[in-house]
Amino acid sequence: MDSTLDKAYSPQTTEDEIYALWEKNGYFSPNDKKGSKPFSVLLPPPNANADLHVGHAMYVVEDIMIRYHRMLGDNTLWLPGADHAGFETQFVYEKHLAKMGKSRFDFDRETLYKDIWNFVHENRGTMENQLRKLGFSLDWSRNIFTLNPKIIATVYTSFKKLFDEGLIYRDNRLVNYCTKDGTGFSDLEVLYIERNDPLYYMKYGPFTIATARPETKFRDTALAVNPKDKRYKEYIGKTLEIMGLLGPISMTVIPDPEVDPSFGTGIMKVTPAHDSHDFELGKKFNLPVTPIIDFHGRMDFSWFLSQKNIEPKYRERAEKYHGKKIAIVRPLMVEDLKTDGLLIKIDEAYTHRIGTCWKCGTVIEPLPLEQWYIKVSPLAKKATDAINKKQVAFVPKRFEKTAKQWLSNFHDWNISRQNVWGIRIPAWKCQTCLNQISNIKNKKSDHWIITDGAIPTECPECHGKNLVQDTDTFDTWFSSGQWPFAALRASGTNDYSKFYPTSVMETGYDILPWWVCRMLMLGIHMTGKVPFKTVYLHGLVRDSKGQKMSKSKGNVVNPLKMIDQFGADALRFALVFGTAAGNDLALSEDKIRGMRNFANKLWNIGRFLLLSLDNAKMKNEEIPFYTETLHSALTNDADKRLISEINMLTSSVTKDMEKYRFSDAAKKLYEFSWHRIADRYIEENKTRFGEGDSEALSVFRHVFLTILKLLHPFMPFVTEALWQRIPRLTTHPLILSSWPVRRPTTMSRKLLSSSGRS
RNA sequence: GGACUUGUAGCUCAGUUGGUUAGAGCGUUGCAUUGACAUUGCAAAGGUCAGAGGUUCGAAUCCUCUCAGGUCCACCA
């Protein structure tokens, strides 16, 4: 035992060594002791091939819970995972391709998939090591990738079950399509932004209409007015001949109570192929769906140009527009409208909210496309019921309301993505049947063969062998929504039966609708049980001024840099200290430095304790371990008071841990260690320590070891480093030590031995 | 239009079911210090808890309204 500690604590020379000790000895794995209660948390899988950002460091809350429960003697599992992150990873890979002057369309599907797979695996590992740097006591022996074959198998099984139950269906409707990324998205992935766009007023037969999207007017199929609008009442049901840029078109006026008479001129053009409201309206009035914009965001006039006997003027125009991007066509159209005397005015001050791609910012085009949808409401109802029945608790409580609100507002969920990197949808179409069907009028063409992953050999209807698989992959949230049961079925033999439902789901509140609600819906439906009993939501990490971190602002805090500079314990403590669950927190270097100072303060309390113990040893003083006998024989009032205070602190911190009040616990421990023990108890009793007073030293050591235990979930490294150096009764490392109980009475000793650890 | 949320010290934030003189970190000021720690200690300054009203023996905390921020959803032709 080397009791001469360095003057200052050096996390850099301590942390890696301690982490290696824990990991090497398998301390992160469940104890699997008979009778021990299960406690399980699934780490929200970070992107496999990206670096961690400081938001990930908030998962420290999970490590705190895990370490606490491990010390309670629970059968504790914290399961790590790595996310293939479907579209996001493909997006990164496409950027990488672009740098080499290539695009994903230069490769066939299999090659592209393989290349991305290799790309991900070449970049893999950094994220995992960063989690280690943070001190996270994850059971790495169970680490699982979201494209693990067992995970995929579970996802396929779910898809088939949902399909068989009629909860998954195929439909052709307008999808939120990003023409740059070449894929559709669910409603949640559309990012609405406030934007200024010109509002064009144009002559439309006897009317004037206002539109922000003049390019779609070529394929308007009707005009809609509010049935209560006296100005247009007489026109309802009438078909009018209207002069457009490509000649006359006939259009019927239909009633729509949702038309706002005060907007523009109170008359709305209807374009079912490019507006979801119009699409629904079109269904009601049996209007054709006639697209003018293609999946690359270009104008498509082939329907017009293929007609015979087109006037040369109109042909010229259509050819001019054809194949060009919308932004290019708009000004051309404005010119032509002017020429024809159809443009009335342009309101340049018009602002509206417009959907954009959350990833690349391109304006989302609603385009008609066949996709797989999940019928959400039956699943959402089950989730809401579970919340109402208190089968799931939210921390903080207010998110219960948010979750329920989301669950009641979800539309059917488009789970098809036109990506390669992901889990390919196990749906096949028989080409033979398809050809036959297309010859029979009115027969539904959605004749799909769905399997639980096995490649079908022949069509069950016609026994044809010409089966073609859907080229789409699942929305990654469809598979992540199944993570709790999918992961536990894949991670270890009995993990699912032992650890499902998991104890706590801990993640950022920003993915409540994307992930938490989906896990609830799919988890309950697929397993009959809630996937987690408690949802703890943390806030966003912001900069020292409360501003959102972003690369462009240059205010991004790099967690690894902070760890190098101040130690993981300091960063961890800074993230929980003075932070309420569910609230955003401002993180500054000053705060982390302050917490580094606290780690150093602990170090020096330990250093002083060791020096005093050495000093006593030289005087041949025997320092007894703190026991019940010693406790009842205490004579010094200062010692008695301190013992009673550490007991009170223990209960109070334990209560905080149970109630997920980690900030309170951290604050109490900080306050007690620094200002009670270091500033007062040590200072007031220095002479006694100098004299080698065995009672004082015994009490001091006991109290300090207790503090190390209580602090261990928060600052695992410095506490373990000190624990290893201080003479104590047991040989266990701190990570496996038992959580302190009020004091060493007979009763609590029983508890200690029954937990199997001391 | 709907939901949620914030306003507490110079800055960033805690503050449980209402309960003494309202707390912390950082910052500021003064002093101290060669044996645990300058990554330190002691002391100090600094707050009408956004405002108004109400409930209560008692309100930062509960209720109503006002003002000022933030986030999300719906609608926007």
Side-chain angles (χ1 to χ4, degrees), chain A residues 4-10 187-188 191-192 194 197 199-200 209-214 216-217 220 223-225 256 258-260 262-271 274-275 277-278 281 350-354 396 398-399 401-402 404-406 408-411 509-510 512-513 539-540 542-548 566-567 570 573-574 576-580 582-612 615 652 655-656 659-661 663-664 666-668 670-671 674-675 678-679 682-683 686 689-690:
Chain A
T4 48
L5 265 51
D6 291 340
K7 279 184 88 168
Y9 172 58
S10 162
D187 293 344
L188 285 182
L191 187 70
Y192 288 92
E194 193 78 26
D197 276 309
L199 185 66
Y200 303 89
I209 56 148
T211 180
R213 301 211 56 187
T216 62
K217 78 186 290 290
D220 294 347
L223 287 166
V225 297
D256 178 11
E258 281 180 45
V259 171
D260 177 2
S262 65
F263 184 92
T265 55
I267 187 152
M268 183 181 86
K269 65 194 205 62
V270 183
T271 321
H274 297 297
D275 181 281
H277 173 259
D278 293 3
L281 200 63
Y350 178 65
T351 58
H352 61 160
R353 270 171 57 122
I354 190 158
R398 67 169 186 271
F399 285 111
K401 200 171 180 180
T402 316
K404 275 159 71 171
Q405 200 176 325
W406 274 110
S408 65
N409 285 336
F410 282 131
H411 298 294
Y509 67 77
D510 51 326
L512 177 69
L540 266 50
R542 295 167 178 274
D543 77 359
S544 60
K545 287 168 193 154
Q547 301 288 306
K548 206 168 177 174
F566 302 113
F573 217 68
V576 288
F577 194 91
T579 310
N583 284 2
D584 294 351
L585 75 128
L587 181 67
S588 63
E589 204 172 302
D590 281 342
K591 187 173 182 186
I592 304 170
R593 184 183 297 113
M595 298 306 146
R596 188 271 316 260
N597 294 354
F598 176 54
N600 188 59
K601 176 58 82 171
L602 286 173
W603 182 259
N604 275 289
I605 297 172
R607 184 161 179 256
F608 179 71
L609 170 64
L610 288 169
L611 288 172
S612 303
N615 188 32
S652 159
K655 209 179 277 172
D656 289 337
K659 290 185 169 175
Y660 307 96
R661 305 190 62 86
S663 165
D664 289 2
K667 212 165 213 178
K668 285 170 191 165
Y670 179 99
E671 172 68 24
W674 197 318
H675 303 301
D679 292 347
I682 291 181
E683 292 303 327
K686 260 191 175 159
F689 298 127

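Just so it is clear: chains get the letters A, B, ... in the order the sequence lines come, proteins before strands, and each one is counted from 1. Because only heavy atoms are used, hydrogens play no part in the values below, and waters and symmetry mates are left out as well, while side chains stay in.
One atom, CH2 of A/Trp674, and another, P of B/G25, lie 8 Å apart when rounded to the nearest Å. One interatomic measurement links the two molecules: CD of A/Glu589 to P of B/U12, which rounds to 18 Å at whole-angstrom precision. A straight line from NE2 of A/His277 to C1' of B/A74 spans 13 Å, rounded to a whole angstrom. Residue A/Lys545 contributes atom NZ, which lies 18 Å from atom P of B/G10 at whole-angstrom precision. The distance between atom CG of A/Asp656 and atom C1' of B/A14, rounded to the nearest whole Å, is 12 Å. Rounded to an integer number of Å, the gap from A/Phe689 CZ to B/G35 C1' is 15 Å. Between A/Lys401 atom NZ and B/U71 atom P the separation is 21 Å, expressed in whole Å. For A/Lys601 and B/U40, the NZ to P distance is 7 Å, given to the nearest whole Å.
Side-chain N/O atoms of A/Lys269 include none lying less than 4.0 angstrom from OP1 or OP2 on B/A77. Contact check, A/Arg542 against B/G70: no side-chain N or O comes under 4.0 Å of OP1 or OP2. Look at A/Asn583 and you won't find any side-chain N or O under 4.0 angstrom from OP1 or OP2 of B/U6. Contact check, A/His352 against B/C75: no side-chain N or O comes under 4.0 Å of OP1 or OP2. Under 4.0 angstrom from either OP1 or OP2 of B/C37 there lies at least one side-chain N or O belonging to A/Lys7.
For the pair A/Asp256 (side chain) and A/Glu258 (backbone), a donor-acceptor distance under 3.5 Å is present.
The side chain of A/Asp590 approaches B/C26 more closely than any other nucleotide in the set B/C37, B/C26, B/A77. Each of B/A14, B/U39, B/A77 was ranked by its minimum atom distance to the side chain of A/Asp275; first place goes to B/A77. Distance from the side chain of A/Asp679 is smallest for B/C42 among the nucleotides B/A77, B/U39, B/C42. Nearest to the side chain of A/Ala586, among B/U39, B/A77, B/U12, sits B/U12. In the set B/A77, B/A24, B/A36, the nucleotide with an atom closest to the side chain of A/Thr211 is B/A77. Closest approach to the A/Tyr350 side chain among B/U16, B/C76, B/G41 is made by B/C76 (side chain taken as heavy atoms from C-beta onward).
Closest of all the heavy-atom pairs between A/Phe689 and A/Ser612 is CB-OG, 4.0 Å.
Of all nucleotides present, none satisfies the Watson-Crick or G-U wobble test against B/C49 with each distance under 3.5 Å. Pairing for B/A68 goes to B/U6, judged as Watson-Crick or G-U wobble with the two contacts each under 3.5 Å. Base pairing of B/G25: its partner is B/C11, meeting the Watson-Crick or G-U wobble criterion (both donor-acceptor distances under 3.5 Å). Pair check for B/U61 finds none; no Watson-Crick or G-U wobble contact set falls under 3.5 Å. In this entry B/G1 has B/C73 as its Watson-Crick or G-U wobble partner, both defining distances falling under 3.5 Å.
Of the C1' atoms belonging to B/G27 and B/U66, the separation is 34 Å, rounded to the nearest Å.
In this structure, A/Val270 reaches neither bases nor backbone, as no heavy-atom distance under 4.0 Å exists between it and the strands shown.
Within the 4.5 Å cutoff, side-chain heavy atoms of A/Asp584 are placed close to those of A/Tyr509. Side-chain contact between A/Lys7 and A/Arg607 is present, with heavy atoms from C-beta onward closer than 4.5 Å. In this structure, A/Phe608 and A/Lys686 have side chains that are in contact, with non-hydrogen atoms separated by less than 4.5 Å.
Between A/Phe598 and A/Tyr670, the angle of the ring planes lies from 30° to 60°, which puts this pair in the tilted group.
Look at A/Phe263 and the base of B/A77; the rings stack, centres closer than 5.5 Å and planes less than 30° apart.
Taking only distance into account, the side chain of A/Lys686 meets the base of B/A36 through a donor-acceptor pair shorter than 3.5 Å. Residue A/Gln405 places no side-chain atom within donor-acceptor reach of the base of B/A74, judged by atom type and a 3.5 Å distance cut-off alone.
Side-chain contact of A/Lys668 with A/Ser652: a donor-acceptor pair under 3.5 Å is present, judged by distance alone.
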